[in-house]
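Just so we're clear, the structure is a prediction, and the values are computed from it rather than from any experiment. For this chain, numbers begin at 1 and follow the sequence in order.
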Amino acid sequence: DHRTIDALHQAGLSPAAIDAFWRPLFSGIQLDPDLEVSARRFKIILRMLAEGDTGVPAAGMGAIPAQIAADLPDGAVHLHRPVSAVVGTSAQLADGAEVSGRCLVVATDGPAAAELLGLHTVHSRPVGALWFSTPTPPRAGKLLMLDGQNSGPVKNLAVLTNVAPSYAPTGRSLSVAAVPGAAMASADLESEATTQMKTWFPDVAEWQLLRIDRIEHGHPDQQPGFSPRRSVSLGDGRFVCGDHRDTASIQGALFSGRRTAVEVLAHLRKPA
């Protein structure tokens with residue numbers, strides 16, 4: 001395994017092609033402006049992009065956990081009750097209560113899982129997301145637009161309402177701009193990104209910033225030496241899942257969750 005940038009050089013791509021296309025594309029996908037994460041992971045993602053469709057749920061990303069929870073019994077899901085410690089297959093809650101079971105699954109981001117379970121530290125890749133409302137779409141079509149000229153902090157932009165009109169009120173367009181890496185922490189990010197968008201789309205009269213999400217742990221940092229199917233079983237009825245056990249993505253989280261479910265069921269079927 002080696003870095004993504006090394007794989008692109010080995011494929012014979014020129015520095016100009018890398019900087020104009022591959023860097024802004026995978027800056028957003030891998031949160032990796034320097035293209036330094038694992039080439040194995042890059043190739044997995046590239047294959048998925050080549051073979052499959054890309055989309056978003058019409059009701060928002062929250063529709064994914066809502067669909068899972070809908071099949072569970074009433075009272076099975078408890079919200080806003082943080083876990084302070086894990087002992088065996090019991091979870092100690094911050095409010096002093098304890099929840100125990102035959103199995104325990106920690107399904108969190110990597111840093112939280114590492115702290116609760118005493119696993120190796122999971123390092124993070126940060127990202128900023130700027131949500132802009134405009135009277136009209138900056139561009140027509142279902143496109144991911146790339147910054148091929150390194151013109152500012154935004155590396156790519158998607159007009160989400162061209163894909164899912166339900167994401168904004170009638171008569172308004174919603175776009176999301178990705179700012180991966182340390183640039184997302186800039187105190188001047190709003191003005192820098194807005195100025196950049198106005199140079200990209202000079203005909204768009206109004207760029208209204210709705211919100212900036214600064215996400216310190218956007219992805220686990222999967223450097224060369226990456227294994228896409230890390231074990232989810234810790235033994236003695238304890239399990240861990242999340243994109244830090246698979247590829248850094250919602251898809252990776254779902255893959256690891258399915259692998260964990262299979263192993264939990266196998267554990268529960270064992271004779272006592």
Taking only residues at least two apart or on different chains, which pairs with a member in residues 263-272 satisfy side chain to side chain donor-acceptor pair (under 3.5 Å)?
-> none
Flag for Gln196-Ser151: side-chain donor and acceptor within less than 3.5 Å = yes
Listed by chain and number, what are the side-chain hydrogen bond (donor to acceptor under 3.5 Å, both in side chains) partners of Ser38, not counting sequence neighbours?
-> Asp1
Members sharing Ile29's hydrophobic cluster (side chains within less than 4.5 Å) | Ile5, Leu8, Leu13, Ile18, Phe21, Trp22, Leu25, Phe26, Leu35, Phe42, Ile44, Ile45, Leu46, Met48, Leu49, Leu144, Leu146, Phe226
Return each pair, listed once, that meets salt bridge (charged side-chain N to carboxylate O under 4.0 Å, His left out) where at least one residue sits in residues 126-138; pairs must be two or more places apart or across chains.
-> none
Stepwise side chain to side chain donor-acceptor pair (under 3.5 Å) test for Arg172 and Ser133 = CA-CA 7 Å; Arg172 299 293 295 182; Ser133 175; 2.9 Å; yes
Greater than 12 external heavy atoms within 6.0 Å of Glu192's CD = yes
With Phe201, which residues qualify under ring-ring contact (aromatic ring centres under 6.0 Å, His included), at least two apart?
-> Trp207
Taking 4.0 angstrom as the limit, do Arg125 and Glu36 come out as a salt bridge?
-> yes
Under 4.0 Å between a Lys/Arg side-chain N and an Asp/Glu carboxylate O for Arg3 and Asp34?
-> no
Which residue pairs pass the side chain to side chain donor-acceptor pair (under 3.5 Å) test with at least one member in residues 223-238, sequence neighbours excluded?
-> Asp221-Gln223
Salt-bridge test for Arg211 and Asp213: reply yes if a basic N is under 4.0 Å from a carboxylate O, no otherwise.
-> yes
